[in-house]
Each structure stands twice: as structure tokens, then as C-alpha cells.
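Note that the structure is predicted; figures quoted are calculated from it, not measured. First the proteins, then the strands, lettered A, B, ... as listed; each starts at 1.
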Amino acid sequence: MDRYNPAEIEKKWQKIWEETEAFKAPALNKIDKNQAKMYLAEMFPYPSGAGLHVGHVRNFTIVDVLTRFYTQQEMNVLRPFGYDTFGLPAENYAIKTGTAPQEVTKENIANFRRQAKKLGFAIDWSREINTSNPEYYKWTQWCFLQLYKKGLAYRKESYQWWCPVDQTVLANEQVENGHCWRCGAEVEKKKMKQWFFKITAYADELLDEIDALDWPDKIKTMQKNWIGRSEGAEIDFDVVSNNGNGQTFVSETVSQISYEKSVRPLGRASEATASDTRDGGLARAGLSGKTSAISDNKLQIKVFTTRPDTIFGATFLVLAPEHPLVHSLIIPQTAEKVNQYQTESLKKSEIERQENKEKTGVFTGSYAINPATGEKIPIWISDYVLMGYGEGAIMAVPAHDERDFEFAEKFDLPIKQVIEKPENSDDDSRCYHGEGELVNSGQFDGTRTEDAREQIVAWLEQQGVGKSKVTYRMRDWLISRQRYWGCPIPIAYDKNGEPHAIPEDKLPVILPEVTDYQPDKTGRSALAKATDWLKVEIDGEEMTRETDTLDGYACSSWYLWRYVSPHDDKAAWDKDAIKYWAPTDIYVGADHAVAHLLYIRFWCKFFADEGFLPFREPVKKLLYNGYINAPDGKKMSKSKGNVIDPLDVIDSGYGADTLRTYEMFIGPYNEDASWDTKAIGGVYRFLNRCWNLAFDKEISKEDLNITTRNKTIKKVTEDLHRVSFNTAVAALMEYVNELYKNGTTAEDNITLAKLLKPFAPHLASEILEKYDSNDIWPVWDESALVEDTVEVVVQVNGKLRAKITVFPDDLLDEEKLTELALKEDNVARRIDGTPKKVIIPKNAKLINIVA
RNA sequence: GCCCGAGUGGCGGAAUUGGUAUACGCGAGCGACUUAAAAUCGCUUCUCUAAAGAGAUAUGGGUUCAAGUCCCAUCUCGGGCACCA
């Protein structure tokens, strides 16, 4: 063997690793529990037909480098792998070609596995999981039933985002700028009966525990904003009669009919009932019926506000167009206009609503009483008020809220100032929304707004017309999908349409094989056509199965726990195994900042509450890696023809080690990078030099590299601990350059191979084999780091003027150091007489003389 | 609009706690080996200057003995949210 031949040695080592099951995590009963454990995982991939791309390689290599690093440090390491296989691409392919998704998935997995092995990843292959395997999804269904039993999985009719291309509903987290996250089509609102997980029940805990997470700030901020906690108050406004004799006009028939017409369910018209319709747009759990109430024949409207201190300035109310009480507020003169507006705003796409920010709205014809002032104020509807947030109704304070101000200006509604803008305020907006002293606010005049918030809520509470309240932006998690290729929801319906859980001992509910994958026109999945499968008997009663399947995110919300006992047929996860391995120590991904990473936290908390998990956060440390763009800096895409195929890079002669090391060297792991076809050659040269040192160069008789060797061990070790891969590789390159200059020794070659192994495991194994060496991570000798002489920088007034070489001990001798420094011409001529001040910092080899 | 993050050679980037700016790699140039080329090995490579030296981390200010790093303002780019009351 004389030349570095990656193709040959990579094949050799991959075979050895396969045969010896080299990366199998230690069995629980054989573990020395005194040894530290490390559980690492990447976000498991969706195995697409295109195979691995360079982004996968970056993501998996990060996990691999750390896996090998900790393994070499003799920790107990768990590094599993799996496939997130339910999803639309396979189903769309099935619709187009008639090929069963089961088949396509099998092929794609085989391809992914083959490619991952070609990259030499240290994966415990005995733990491979696949979410569309019934052995796996049996337990996804079990998870669903646990949530269902506790009332955290519930069914509700509501308006939902509907993708007309993919023919399915989408969760809020899956709508991006009014478009489907998958296909990019513009989404629509559609009213359907849907399953939800009550993630809002954990809103506070999900929010409160973010700060303590060792996660990137970017993601923590995004999750905080997504949950969007707002503290404020809920205030009741009495509706007054609009015909002057104390009797509220309720045009039940007129408005009800027209309302139904305007919001006719597009899908299952037959399932919609009158009460469902009236309860309309309430997407949130448990809001139904408590938003507003008719009590003592008096109509009340509840609003949510974060600024109860401004209530004296509330000069009108605005309701969302879909608000269930709108039909009770209209009068014959306004009915037509109101109904028309309702219809229009429902039809309006989200895009139009975003683009056209000019306020629109109509007057309902009714008035309410401002409980603070006793004034009669008009009730309007407008689409700038969202049904899904707060109470779906607001008190408008146009003097101190930009949106209300615009609305008031457009429709000529009264604007009443209640906060005195402080004189020193530089806020020059048309409506002041900062803090200040209250005016025009009765007994609260002169109170600071900060104090008034609490006082006014207390005052309203005394009168029974308000209370403090916390509201969240986050909505419940919509989980039903009108798709075939997903995990069946373990539910069946009786004759009355009431849902019943499939008993746990009847799980899994197997996804039946069908021949026609096309959804039916009513928005139901192809499962609706599997007539035999649909029938099921529970407790002797004939029932019909649910035809919706679960959002794929449900399948991936618990896989990190399945990995600890992937073949367990008694439980979703083994209690002892979960106790030892979980939570995941390091989780690496490049996507799903909100959805997936919020969902796994939610399930973790739920299963902890149920006693199934001994921890409340699933991931200790999260690494979020950047994307790799094409050499032109643009996103790689088939259509642009700028895709770099990692397998081509390997096969072109560079090999997997070069590809892996290059992707770690390309830049900080958490930043985006552009592929550089030339720079990869530099990494290949580097590995070649490593090879030559061991197999081609002569061994030097003298060990001239003691300091460099120990410095390199220290640098690489510390860099891996702080996840700085690019600088670790740079340190190895420097070491190799030194060895070329000074000559190498066996110890140098072995040390280099050990430090290189996480990045280039095949090459490193080959070198270690030559020296018959283990791969245990080396430890540096602190005393070897001390050099004979040190170079000290001499600054004058903070500017570098000279460098002097001294013995290390002299660093502590201020007088001597100053004397030596002043001998330098370039220093002396800048100093007149005695220096004003001399500074010798502890941590730097530096002296600064102030002239 | 609001909230984050970032701006350093021809390029990717380094500088970890405020202490030698530009490590490492690419590209470029020169040389060695070679009939030649590739490969390989070595040297040079921020700007100005003949040199001594001086200046430079988006721009302008500030704090400090000392600022790429901290503070203020401005500009540019990237990401997130987007009528959330």
C-alpha cells in the first residue's frame, strides 16, 4: 500500500464495522452504570426517492463526530437512526403511479441505509425504526389514546386551513405566509370536524421552561413568540336594545339562514348541525359557549384586552366577522350588509387579508354599554379582529391603538384621549400607546397607567364585569389529515356519530392496502373507500372507523423514546431503558424550529404527568445546523440544476472521509454555507498528508513536536466540547504542517489518527491498525505546553510597537519586563522620561506602556 | 412595521473572558522536481511606502491603559413574526 486510496480502505472498514456490529449501544444489563452515558440523535429523515443530499450529510456527520468523540472517551453511547416515512410525497407518488406507498418507502429506506453506511456513520443499526411500520405505529396509536383518555385529544368542528392541492387540512404551524408548507399552494379556510391535541393546556409550562434550555436562542425566541403569552383582562360589555324599548332585536331566522349560507361547510355538509354552525370559528379548545353569554335576557359581549387601563377611552366594540353573536346583534336595516361582509371575509384569502391592510367593516346596528363610563358605544364587525384569538372581540381604544385609530378614522367614530403623553416622550405616532398619566378616566385621573391596569381590573371585578386573564397566541394542535398514507386514528363512531376509542388490546389499527389512493371529492381520504376495513365491532356494537389519519408530526413526537427499546412489544418504551438513556443529550437538526420541537416538549410533559417518563424536557442540548447552498450561493434545487450529490463526491475519488471532513471544515456548523468545489480538494490534500505521514514518511529519531502535539490534543478536545468543528480541523491541519516541517514520530502519527477519527474514521482506523493502537482519546500533558521562551508584545498607548523574547518567569517580573521593553528603539523614542503607567495583564503575554 | 442574528483580505472563514486582527483552507504568484504537464514539496500573498514606518475589522461617535469584541446612532444583509387587541 503506497498511496491513499479511500475507495479501498473505506470499503474494508465498513465491512468490518458491519460484521462486528461496532456501534451497538451496550445492553442495559451489561452497562457499568458508573460510566457516563451519552444519547445523541439527528432529526430522523424523511426518506425521499432522491436519496441523501449534502444537507443530510452535514447533519448526520455532526452527530457522528460527536458520537465517535464520546465513544473514544469511553462513555456509554447511544446513537440510533430511523425514518419518518408517513407523508405526502409517497402518497402523491402513489396517486400518480398506483405504486403502493409501502413499497416505495421500503425501497427508499434501503437506499438511505446503503448510503448512510457508505458514509461510515457510527449508527446502532439494530435500533432502526420506521414510523409506518405497524410495530411502531401501534404505539403512536397508544399515545393518541392516552391523550384521548385525558381529554387532551378532542374533536371539534371549526374553520381550518385547507390546502386545495394536497386536499388536506394543515396545522397552524404548517401554514407559511398563507401558503401550504409542502406544496406552496395558497390555503383556504374550510369548516370541518377535526381532531385536536390540547397543547394549550401546557402553554404556561412550555413557555416557562424555555429559558432553562440549552438550546439556540433563535429557537427559544421563536417558541416564546409562537406561544405568545399576553396578560390582560377579560371585560364584559352589556348589549343595549337597539329599538329603544329595552328589547334586543334577535333576527334568529334571517341571520341564521344567511350565516349558514355564508359559511356552508365545504366538506361534510351532512355532519354539520345547527349548534356546530353557531359555534363556528372557535378553533380553540373549551372556548365554546364561554365567549359570551345571554344571561337574564341580556346579551353580553366579552372582550380581551392587554390595556384595561384605557377602558375609559373605549368608544366602540369590534367583533370578528365569524363571531357567534353577530347574528343576534343585527337589525333588519343592517342584516344584509352584515351578512354580505361575513361572506366576503370568509372567502377572502389570507393573502388578500395580509396585503390589503386598509380597514374594512360594518356596523351591526347594536350598541353596548362601556362599563366604566356608562356610555353607549356602537358594535362593529371587522376582519382585523381574529376569531381565533382572545374572545374574538375587542374594545376599541382609537386614541391609543394604531389599528383602532385607523378604523375610527375611516368610519368617523369618536376618539377619546385617556392617557396624557409625557412631555419628554419622543413617541410622535398619531396615537400614543406608551405609559403616562390617565385623563378623562373618572376617579382614576392622574393614576399612572402601570398602576391603573391592576386597579381598574380590581374595580371591574368588584362590579362583576371583568377579571384578569392570560391569553395565548398558540392554538391547539390540529392533528387530523384527510390522507391515506398516515397513522390511522384509533377511533370508531357509533350510529349517533359519537366517537369511541379502539381498545388498547385491539391495536394496532392496521392501515389497509387499497388500490386507489385518490381522496374522494368530499375531502375524505382514500380510506373512506376501504369498505370492509371501515366496519368494526366494539362492545358488540357495529361502528365505523375514523378515516382521517394522524399528522406526521404525531409520529415523530415520541420516537426519541422508542429508540431506547425499539423492538419492545409490551410498551411504547421500556421504563428501565428510558431511565438510563433518556432524555436525549444532544439532538441535531436543521428544521422544525417551532412545530416538531414544540410538540416533543408537549408530549414529554404529558407523559411525565402520566408517570410514563421521569423527566419533563426531552432534549438537553439542541444543535441547529445551517444549510448548505449551491456554489452560486442559491438554494440547491433540481429545477435549478445546481444540486451537489454527496454520493458523486465520494465516488469521484474523494471518498467519504474527505466529504465528511470537508463538511465539518466548511464553516461554523450553525451557519449556512455555500458548497465550494475547489475547497474540498484542500481537505483531500490534508488527508493525503495524514496518510503519507503514517505510510510514506520516515520516522524521525528526534521528537521535536512535544509541545505542538499536546497543544493540538488540547485544542481539538476543547473545540469538540464547544462544538467548533471547523477550528478543530484547522488545528489538525496545523499539526500536520508542523509534522511535515519537523519530522514525525509514531506517537505523532497515532495521536493524529485518534484526533482525526471522528472526522475521517476510515483513514484513522487504517493508521491505528498499522500501529496496532486502540483509539482511546488522548489526554494532553499540561506541563508539556510550557515553552522555553515566550514572546511578549510591547504596546505604547495600546499600539503594538515591538516584540521581545523573555523567559516565562520574567512575565511575572514587572520591573524587568519594563526595563527590557524600554530598551527597544521603537518603544524608547515614544516615551519622554518615565512612563505614566505600565500594564501587564494576567492572561496575555503583553505589556502596555502609557506614555 | 415589530423581534432576533450578522457585517473582518480576491473568496470561505479564525481571533473562546476586552489584551499580538487576518489562524486554517481556497484562489493567485514565484521556485524545486520533470523533456513537459499533472501530482507533490517549499516560499510569498490586507493596504500605502524605496525604507523606517503608518493605517485598516460596514459608517460615525463614545467608554477604556487597551475595542473586531462593550455602549449609542446610522447603513446593509439574513432569519422569524406579521392586524394576536
Side-chain angles (χ1 to χ4, degrees), chain A residues 3 176-178 216-222 224-226 228-230 232 303-307 310 314 318 353-354 356-359 382-386 388-397 400-404 406-407 433 471-475 593-594 626 662 665-668 670-683 685-686 688-689 692 696 715 718-719 721-722 724 726-737 740-741 791-803 825-826 835-851:
Chain A
R3 290 199 62 159
E176 297 171 348
N177 251 325
D217 285 337
K218 186 174 82 175
I219 292 176
K220 289 173 30 170
T221 310
M222 279 168 74
K224 276 187 199 169
N225 292 342
W226 185 264
R229 181 186 154 103
S230 287
V303 306
F304 173 74
T305 178
T306 54
R307 297 296 301 269
T310 63
V318 188
R353 262 170 113 151
Q354 279 166 8
N356 189 4
K357 291 235 168 137
E358 196 176 330
K359 298 283 178 286
S382 171
D383 63 9
Y384 85 91
V385 176
L386 309 172
Y389 184 76
E391 304 294 342
I394 60 157
M395 63 175 209
V397 185
H400 306 290
D401 181 281
E402 187 68 33
R403 296 151 302 183
D404 298 344
E406 275 175 40
F407 196 82
H433 54 261
T471 294
Y472 303 90
R473 247 176 136 93
M474 180 171 65
R475 318 288 205 265
V594 174
Y662 169 66
F665 184 61
I666 197 168
N670 55 347
E671 281 173 29
D672 289 354
S674 293
W675 188 268
D676 184 341
T677 310
K678 289 216 173 107
I680 193 169
V683 173
R685 274 192 281 280
F686 159 64
N688 240 306
R689 283 154 78 88
N692 288 340
D696 203 35
K715 173 77 176 151
E718 288 178 351
D719 278 356
H721 276 300
R722 70 184 178 107
S724 180
N726 54 332
T727 54
V729 174
L732 290 171
M733 287 173 168
E734 280 183 78
Y735 184 31
V736 166
N737 291 345
Y740 257 66
K741 217 177 281 172
E791 193 176 65
V792 175
V793 164
V794 184
Q795 295 181 337
V796 178
N797 294 334
K799 291 217 190 274
L800 171 71
R801 297 303 177 191
K803 286 181 185 179
D825 284 349
N826 201 26
K836 281 201 190 103
K837 203 174 172 186
V838 174
I839 289 148
I840 301 171
K842 271 191 209 116
N843 301 325
K845 298 165 197 160
L846 178 145
I847 172 167
N848 188 17
I849 301 170
V850 186

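Taking every side-chain heavy atom of A:Lys799 into account, B:G55 is the closest of B:G55, B:G53, B:A14. Side-chain proximity of A:Ile839 to the nucleotides B:C41, B:C65, B:G25 is greatest for B:C65.
Base pairing of B:G78: its partner is B:C4, meeting the Watson-Crick or G-U wobble criterion (both donor-acceptor distances under 3.5 Å). When both pairing distances are held under 3.5 Å, B:A38 makes no Watson-Crick or G-U pair with any nucleotide shown. Across all strands shown, B:C65 is found opposite B:G19 as a Watson-Crick or G-U wobble partner, with both distances under 3.5 Å. Under the Watson-Crick and G-U wobble criteria, each requiring two contacts below 3.5 Å, nucleotide B:G9 is left unpaired.
Whole-Å rounding puts the A:Arg801 CZ to B:G19 C1' distance at 16 Å. Per the geometry, CE belonging to A:Met222 stands 13 Å off C1' belonging to B:A82, to the nearest Å. Rounded to an integer number of Å, the gap from CG of A:Asp676 to P of B:C11 is 13 Å. Computed from coordinates, the A:Phe686 CZ to B:C26 C1' distance equals 16 Å when rounded to whole Å. Summarising the geometry, the separation between CD1 on A:Ile840 and C1' on B:A66 is reported as 14 Å, rounded to the nearest angstrom.
Taking atom P on both B:A15 and B:U69, the two are 15 Å apart, rounded to the nearest angstrom. Rounded to the nearest Å, the gap between the C1' atom of B:A14 and that of B:A21 is 10 Å. To the nearest whole angstrom, the two P atoms, one in B:G7 and one in B:G13, are 10 Å apart. Comparing the P positions of B:A38 and B:A52 gives a spacing of 36 Å, expressed to the nearest Å. The C1' atoms of B:G79 and B:G31 are separated by 48 Å, rounded to the nearest whole Å.
With A:Tyr389 as the aromatic partner, A:Arg473 does not meet the cation-pi criteria of under 6.0 angstrom to the ring centre and within 45 degrees of the ring axis.
Taking a 6.0 Å sphere around NZ of A:Lys845, one finds it holds 12 or fewer heavy atoms contributed by other residues, nucleotides or ligands.
Counting atom types as modelled, A:Lys836 pairs no side-chain N or O with a base atom of B:C65 as donor and acceptor under 3.5 Å. For B:U17, its base never sits under 3.5 Å from the side chain of A:Lys842 at any donor and acceptor pair.
Residue A:Asn797 places no side-chain N or O under 4.0 Å from the OP1 or OP2 atom of B:A66.
Aromatic pair A:Trp675/A:Tyr662: centroids less than 6.0 angstrom apart.
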